[in-house]
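In each ligand, atom 1 is the first atom listed, and ligand 1 is the first ligand listed. Atoms considered below: every heavy atom in the structure, side chains included; atoms not considered: hydrogens, waters and symmetry mates. What you are looking at is a predicted structure, and each value in this text was computed from that prediction instead of being measured. Residues take their numbers from the sequence shown, with the count starting at 1.
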Amino acid sequence: MKKFDTILSACMLCPRGCRVNRLEGEKGFCQGGARAKVASHNSHFGEEPPISGSRGSGTIFFSGCTLHCLFCQNYPISQLREGREVSTPQLVRMMLLLQKNGCHNLNLVTPTHFVPQILEAIQQAAIEGFKLPIVYNTSGYETMETLKQLEGVVSVYLPDLKYGNDKAGADISGVRDYFTFAGPAIKEMYRQVGNLKVDKKGVAQSGLIVRHLVLPDDLSTTGEVLRFLADNVSLDVTVSLMAQYFPAHQAQFHPELNRRVTAREYCKTVKLAQVLGLHNLFIQEISEF
Ligand code: SF4
């Protein structure tokens, strides 16, 4: 791993490439500092079945984000940056506690802007007996350099692929090059960990699960996302098609985002995935309204 101080003194952890000196108190787009900032750490049962299993996924929610999605479903943590700064020993204790509580894995939620701090904590936790599989739960907006630091450490990649082109990301998530980076990032994750592998109880041990939140009026450019996965990743890749969108954060000020997805819209995306040959799908139930 490149030295912790070197990375944070001219931060290039994500594609924003702010080059700020976070060790000296400078802040980039994500507002992340020298220490990791954590909103919560607990057992979580709302992830895909192989991630939550029967005993829950050990989530650590990091505060702040490298994107600014108008509809963010998690905006108090990602946009308002609720949480507290923690030292490496505190982060280590959280990891060990989640393991002690019986969680199946350590699920790092929105971790990109704190990767060096997280890697340092994992190294120290391992010395103290930490051995859970690590789930990297990301927006998908990643650089190749950061992903290379994670090779051999992360067992399960759980990225979003929010859009299939850059324009949609610019319109909705405040980033001009989302797909330019997320597309290759997903391919790199697949190269590192391959298809999803589960144990006898169906709990994930390794592999890639790509999440896609279906937005109203196809604002999520779902067809392009699914075609990219089918043509450029693998027909065997596991895809979680999410129907749970609700207008949150600033969505109420944008009429096109200010409603839920209909059953008809969602079913159309599921059918398209099947027609394209993507056969490892997590599908949610949705009620018509
Ligand atoms: S992690 Fe934050 S400070 Fe670093 S490049 Fe990305 S947005 Fe900028």
is_close_aromatic(F71, H254), centroid dist under 6.0 Å: no
Backbone of L23 reached by a side-chain donor or acceptor of N21 within 3.5 Å: yes
Plane angle bin for Y178 and Y163 - parallel if under 30°, tilted between 30 and 60°, otherwise perpendicular: perpendicular
Atoms in ligand 1 flagged as close to R22, the criterion being non-hydrogen separation under 4.0 Å: 1 (S), 4 (Fe)
Ring geometry between F179 and F228 (parallel below 30°, tilted from 30 to 60°, perpendicular above 60°): perpendicular
Pi-cation contact, F246 with R260 (under 6.0 Å, within 45°): no
Side-chain donor/acceptor of E265 to backbone N/O of D217, under 3.5 Å: yes
For atom 6 (Fe) of ligand 1, every protein N/O/S atom that sits closer than 2.8 Å, waters excluded: C14 SG
